[in-house]
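Labels below follow one simple rule: chain letters A, B, ... track the order of the sequence lines, proteins then strands, and each chain is numbered from 1. The figures that follow rest on heavy atoms only: side chains count, while hydrogens, waters and symmetry mates do not.
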There are 4 protein chains.
Amino acid sequence: MLLYIQFDSEVPIYQQIKNQIIRAIASGELKLGEDLPSVRQLAADIGINFHTVNKVYNQLKQEGWVVIHRKSGVMINPDLKAEKTKEYIEYLDEIIKNISAEAYLRGVSKEEFMNIVEKNYDSYNVIKGD
Amino acid sequence: MLLYIQFDSEVPIYQQIKNQIIRAIASGELKLGEDLPSVRQLAADIGINFHTVNKVYNQLKQEGWVVIHRKSGVMINPDLKAEKTKEYIEYLDEIIKNISAEAYLRGVSKEEFMNIVEKNYDSYNVIKGD
Amino acid sequence: MLLYIQFDSEVPIYQQIKNQIIRAIASGELKLGEDLPSVRQLAADIGINFHTVNKVYNQLKQEGWVVIHRKSGVMINPDLKAEKTKEYIEYLDEIIKNISAEAYLRGVSKEEFMNIVEKNYDSYNVIKGD
Amino acid sequence: MLLYIQFDSEVPIYQQIKNQIIRAIASGELKLGEDLPSVRQLAADIGINFHTVNKVYNQLKQEGWVVIHRKSGVMINPDLKAEKTKEYIEYLDEIIKNISAEAYLRGVSKEEFMNIVEKNYDSYNVIKGD
DNA sequence: GTGGTCTAGACCACC
DNA sequence: GTGGTCTAGACCACT
């Protein structure tokens with residue numbers, strides 16, 4: 001798995017890594033139960049401090065995306081079933097409110113906006129034979 | 001115009017205010033050319049320091065949402081024409097990629113996801129008779 | 001004489017008025033010894049507070065551009081000979097340093113830059129028959 | 001890089017710093033990609049509050065002159081390409097109008113005026129071998 | 001009255 | 001260590 005980090009981005013590095021791992025799970029690039037690189041390995045690959053990777057893995061674990069075994073390292077949670085909680089739906093609604101307001105004011109038509117959303121959702125929502 | 005601030009949120013206060021003002025412009029609650037409260041007035045209303053509001057207004061000005069008059073204060077830019085730049089569309093695509101990945105993995109169905117998006121976009125995209 | 005004021009400009013109104021009066025003197029639109037409108041007249045014409053006009057006239061007087069008579073009002077100094085002081089040349093040099101740096105970095109060629117400067121200087125530097 | 005600040009100037013401190021940084025970029029004293037001092041370091045060097053420097057850096061960032069990394073601090077934008085927009089040319093023309101009017105009236109000859117302008121532009125527009 | 005500038009000091013997030 | 005956020009209070013410029 002390749003990670004593309006923008007070091008000059010406003011988005012913190014640890015957040016960029018989290019985003020890309022979650023996207024890779026959604027797209028099937030990372031299978032459930034698959035091993036992730038070790039903290040030091042990934043840090044070296046990207047060229048960042050290993051504390052940053054550590055933070056990523058710990059947050060992913062807390063949110064249920066991965067499991068961490070003392071010995072075997074980190075793997076994508078084989079029993080992954082992230083929950084569609086009420087809080088998450090509220091958060092989702094709130095963030096969509098913000099995004100769609102600016103998109104609307106910037107002249108992104110409804111059709112164009114829905115197309116972007118659908119295209120991206122569909123990129124994950126495929127029948128995966130693994 | 002009423003602002004609801006979550007003081008315990010991870011989202012900075014000034015960002016919450018910015019979001020809500022842009023949403024209010026999109027929904028028509030704030031008309032083009034309409035005056036906003038003075039920095040000190042709004043700060044007092046919310047119960048925060050006026051420098052925080054000042055920061056909001058200055059950022060909104062630099063992004064073209066409002067104009068600041070020396071005496072009369074701040075108003076929604078009467079000639080508002082936010083641009084649908086290539087950079088903005090790339091930013092939009094990127095953020096939708098992240099959001100839809102998590103939504104998909106949390107079991108938000110395509111139908112449900114598209115409904116949330118459509119509902120929120122439509123809340124701005126209405127023919128307003130005033 | 002017509003004044004064009006941009007009320008939403010970063011440049012203070014009093015400064016805009018000063019600039020335009022000095023430019024009008026340089027272009028010959030305002031002759032030496034010519035009367036300027038009264039404070040209240042000009043304020044009413046522009047639609048601003050008369051204190052602002054008062055400030056303009058007082059500064060113009062201090063800098064020697066106009067003379068103020070109790071009765072006859074304000075007129076362009078008939079004996080105008082603004083001085084090319086050492087301080088003024090230093091100020092001029094400093095401001096040109098700032099302007100040309102940004103122009104250069106923004107890709108304004110030397111030819112283009114010199115043309116803009118020459119065109120504007122020449123617009124004043126004409127043989128005026130009055 | 002040395003900064004000379006006039007504390008008794010009408011020009012705000014943060015503006016003086018901005019001007020000098022942009023001039024240093026134009027003159028090549030600051031190379032693209034070069035690091036700037038940290039906000040606190042520069043503030044201490046000049047003897048001002050770090051918030052003032054912070055404001056400078058943030059404005060320079062929003063105008064595209066520098067990039068701010070989360071950890072490594074601030075550097076001159078390595079991909080700097082300030083644009084010669086229509087708005088900038090209008091601004092430039094307007095400010096030159098004001099400056100040349102006063103220079104003309106103060107007896108700065110066309111030759112002298114053009115010399116000052118050319119000298120300063122040329123100080124940036126040199127083939128730099130480094 | 002309005003916003004703009006500057007100072008001072010606190011605490012936090014990131015790496 | 002870096003910058004980011006927020007508070008608090010002062011003084012100034014403009015209208």
Could you state the atom-to-atom distance from CG of L42(B) to P of dG1(E) in whole Å?
17 Å

Gap between atoms CG and C1', on N58(D) and dG4(F) respectively (whole Å):
8 Å

What is the separation between atom CE on M75(B) and atom C1' on dT2(E), rounded to the nearest whole Å?
13 Å

Rounded to whole Å, CG of L36(D) lies from C1' of dG3(F) at a distance of 14 Å

According to the Watson-Crick and G-U wobble definition with distances under 3.5 Å, which dot-bracket string, read 5' to 3', encodes DNA chain E, using [ ] for crossing pairs and | for pairs with another strand?
||||||||||||||.

Length of the CZ-P vector between F7(C) and dC14(F), whole Å:
16 Å

Counting primed atoms, P, OP1 and OP2 as sugar-phosphate and everything else as base, the B/S/- map of nucleotides 8-15 of chain E against protein heavy atoms under 4.0 Å is BBBB--SB

Residues that E63(C) engages under salt bridge (charged side-chain N to carboxylate O under 4.0 Å, His left out), provided they are two or more places apart
K18(C)

Rounded to whole Å, CD1 of I5(B) lies from C1' of dT5(F) at a distance of 14 Å

Listed partners of K97(A) passing salt bridge (charged side-chain N to carboxylate O under 4.0 Å, His left out), at least two apart:
D93(A)

Mapping G47(D) and Q41(B) to their closest nucleotides on DNA chain E, which lands nearer the 5' end?
Q41(B)

The criterion is side chain to side chain donor-acceptor pair (under 3.5 Å); which residues satisfy it with Q15(C), sequence neighbours excluded?
N19(C)

Atom-pair distance (CG on D8(D); C1' on dC6(E)), nearest Å
15 Å

In whole angstroms, how far is the P atom of dG3(E) from the CG atom of D35(B)?
10 Å

Donor-acceptor contact below 3.5 Å, side chain S72(B) vs main chain H69(B)
no

NA contact type, N54(B), heavy-atom cut-off 4.0 Å: base, sugar-phosphate, or nothing?
base

Considering only distance and modelled atom types, tabulate donor-acceptor pairs under 3.5 Å from the side chains of residues 2-14 of chain C, sequence neighbours left out.
unit_1 : atom_1 : unit_2 : atom_2 : d
S9(C)  : OG     : V11(C) : N      : 2.8
E10(C) : OE2    : K61(B) : NZ     : 2.8

Would you please name every residue forming a salt bridge (charged side-chain N to carboxylate O under 4.0 Å, His left out) with E90(B), sequence neighbours left out?
K86(B)

Can any side-chain N or O of N54(D) pair as donor or acceptor with the backbone N or O of F50(D) at less than 3.5 Å?
no

With a 3.5 Å cut-off and sequence neighbours excluded, list the donor-acceptor pairs that the side chains of residues 35-47 of chain B form with protein atoms.
unit_1 : atom_1 : unit_2 : atom_2 : d
S38(B) : OG     : Q41(B) : N      : 3.0
Q41(B) : NE2    : D45(B) : OD1    : 3.0

Set of residues satisfying salt bridge (charged side-chain N to carboxylate O under 4.0 Å, His left out) with respect to E94(B), sequence neighbours excluded
R23(A)

